[in-house]
Amino acid sequence: ESVTPADEAITGAGLSDTVTVNGAAGSLSASSGNQNVATVSVVSNTQITVTSVAAGTTSITLTDSTGASASYTLSVTTTTVPISSTTRRP
């Protein structure tokens, strides 16, 4: 069983990404090592959807019905846009 991409990065909270899974036999289950960083749901035996929650790193683990498993690292970053100037209106 393999996962494409091997590692993944998402910039921003509340964003989703579909990941392709190759070689899974039978049904597929998926879990996030830290659901405060990202959640994961199974779309089919060849795809999962990962949704970012907050900045951090977690491991996404996939297991098929034969017990074969694969995992990869997901990094979620958030960016802050600095305010360079403000205008006060009366």
Side-chain angles (χ1 to χ4, degrees):
E1 183 170 352
S2 62
V3 181
T4 306
D7 291 315
E8 179 182 16
I10 298 176
T11 302
L15 301 176
S16 294
D17 191 23
T18 299
V19 178
T20 300
V21 180
N22 298 306
S27 62
L28 183 67
S29 65
S31 64
S32 170
N34 186 345
Q35 292 195 356
N36 293 321
V37 173
T39 60
V40 61
S41 60
V42 175
V43 177
S44 68
N45 283 353
T46 60
Q47 290 186 328
I48 61 170
T49 297
V50 178
T51 303
S52 60
V53 176
T57 302
T58 188
S59 178
I60 303 297
T61 302
L62 310 170
T63 306
D64 70 13
S65 59
T66 68
S69 65
S71 62
Y72 71 96
T73 301
L74 171 70
S75 297
V76 176
T77 57
T78 56
T79 58
T80 303
V81 177
I83 298 173
S84 58
S85 66
T86 59
T87 302
R88 176 177 262 179
R89 299 192 187 257

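Along the sequence shown, residues carry numbers from 1.
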Please give me the minimum heavy-atom distance between [X] and [Y], naming the atom from each residue.
| X | Y | value |
| --- | --- | --- |
| Ala38 | Leu74 | CB-CD2, 3.3 Å |
| Ala25 | Ser65 | O-OG, 2.8 Å |
| Thr57 | Ser75 | OG1-OG, 3.8 Å |

How would you list, by chain and number, every residue that makes a side chain to side chain contact (heavy atoms under 4.5 Å, CB included) with Asn45, sequence neighbours excluded?
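If we apply the side chain to side chain contact (heavy atoms under 4.5 Å, CB included) test to Asn45, skipping adjacent residues, the hits are Leu28.
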Which residues pass the side chain to side chain contact (heavy atoms under 4.5 Å, CB included) test with Thr49, not counting sequence neighbours?
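In terms of side chain to side chain contact (heavy atoms under 4.5 Å, CB included), with neighbours along the sequence ignored, Thr49 is linked to Ser16, Thr18, Ser41, Val43, Thr51.
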Interatomic distance, CG@Asp64 vs OG@Ser29, rounded to 0.5 Å, equals 8.5 Å
With the side chain counted from C-beta on, respond yes when Ile60 and Ile48 share a heavy-atom pair under 4.5 Å apart, and no when they do not.
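A side-chain contact under 4.5 Å exists here.
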Below 4.5 Å, heavy atoms only, C-beta onward: do Ser59 and Thr73 meet side chain to side chain?
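SC-SC contact between Ser59 and Thr73 ruled out.
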Please report the C-alpha distance between Thr39 and Val53 in whole Å, then the side-chain angles of each, then the deciding distance to 0.1 Å, and finally whether the side-chain contact (heavy atoms from CB on, under 4.5 Å) criterion is met.
CA-CA 7 Å; Thr39 60; Val53 176; 4.1 Å; yes
Can you name the one residue among Thr58, Thr61, Val50 that meets side-chain contact (heavy atoms from CB on, under 4.5 Å) with Tyr72?
Val50
Does any N or O in the side chain of Ser52 come within less than 3.5 Å of the main-chain N or O of Ala54, such that one atom is a donor and the other an acceptor?
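Judged by distance alone, no pair lies under 3.5 Å.
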